[in-house]
Amino acid sequence: MSRTIVVTGGATGIGRAVAERFVAGGDEVVITGRRPDVLEKAAADLGVRAMVCDGTDPVQVQRLADELPAQFDVLVNNAGGNTDFSEPEAGDLAQLRANWLANLEANLLTAVLTTTALAPKIADGGSVIHLGSIAAMKGRGSYGASKAALATYNLDVATELGPRGITSNVVAPGFTAETEFFQGQLSDTRRATLIQETLTKRAGTPADIAETIWYLASPGARYLTGQTLHVNGGALTTR
Ligand SMILES: NC(=O)c1ccc[n+]([C@@H]2O[C@H](COP(=O)([O-])OP(=O)(O)OC[C@H]3O[C@@H](n4cnc5c(N)ncnc54)[C@H](OP(=O)(O)O)[C@@H]3O)[C@@H](O)[C@H]2O)c1
């Protein structure tokens, strides 16, 4: 039976691959994003519905919630990214504060606002999946801290929605190529280092991440909740 999936930030990179994976599985997909032109083009390419929504804006998130169908099955909180590749000048606390707030807003609050507004429409037995990051385990300043906070927030979502049979998990990618994440700022040296850190000696692809998300939303994963799944080629291992 066809399901309906909402993928925030679904026009590019990982979100786009997630949309593509669910379409391939016969599901209906709604993608969101802030840039109407990029969103419309992706929607036309993929055969999905586009809804412009800045996930940091409560008004736009509420409008998204109102305009979605009465019920849908899977929410993928993918919108986000590192808003702060710069180093603030020493002593500039105001700039430091702004940089930290920007990452918390982009990565934590997008998920909090979207999940809160959309949860009443998620069908019993559905799934929520948040895009975390390997950075949550490695420091990496405000970006890593925002993804660590997202993983903690996931526990609240899993607790609250669990009685309805809705699972909530974090998928935490390592270095994933073919996205807009690095905004052209990834040097060849850094790229080589990130690949060297994996056990598989290659960059992750959006499709690698999409397959894990697909599984988490599948009938076989209904007892898997409140977890963070690391998908990073072994760049970070667990036990
Ligand atoms: N690539 C990696 O190596 C990597 C590693 C770990 C985790 N991640 C995480 O994976 C997720 C997807 O990133 P990506 O790598 O696929 O990069 P990406 O290509 O930059 O995708 C991010 C998408 O999110 C959208 N977006 C950003 N802020 C938004 C907002 N406030 N409201 C709505 N949409 C928003 C962007 O579109 P608009 O700009 O048009 O809004 C874009 O389509 C992010 O949460 C990122 O932190 C990525």
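For the single chain, residues carry numbers from 1 onward in sequence order. For ligands, and for the atoms within them, numbers begin at 1 and follow the listed sequence.
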Residues two or more places apart in sequence or in another chain: which of them pass side chain to side chain donor-acceptor pair (under 3.5 Å) with T83?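 Testing T83 for side chain to side chain donor-acceptor pair (under 3.5 Å), a comparison that skips the adjacent residues, returns N103.
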
Working to the nearest 0.5 angstrom, can you tell me the gap between L104 CG and Y143 OH?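 So the gap between those two atoms works out to 12.5 Å.
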
Got a sec: does the NZ of K41 have more than 12 other heavy atoms crowding it under 6.0 Å?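 Open: at most 12 neighbouring heavy atoms sit under 6.0 Å from NZ of K41.
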
Taking the six-membered ring for Trp, are the ring centroids of F181 and F175 within less than 6.0 Å of each other?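 No, the ring of F181 stays outside the 6.0 Å limit from the ring of F175, centre to centre.
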
Under a 4.0 Å heavy-atom cut-off, which residues neighbour ligand 1?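 Residues within 4.0 Å of ligand 1: G9, T12, G13, I14, G33, R34, R35, C53, D54, G55, T56, N78, A79, G80, G81, N107, T110, L131, G132, S133, Y143, K147, P173, G174, F175, T176, T179, E180, F181, F182.
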
So, applying side-chain contact (heavy atoms from CB on, under 4.5 Å) with P173, which one of L229, I14, D208, T212 is it?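 That would be I14; it is the only one of L229, I14, D208, T212 passing the side-chain contact (heavy atoms from CB on, under 4.5 Å) with P173.
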
Salt-bridge test for R35 and E180: reply yes if a basic N is under 4.0 Å from a carboxylate O, no otherwise.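 Yes, this pair counts.
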
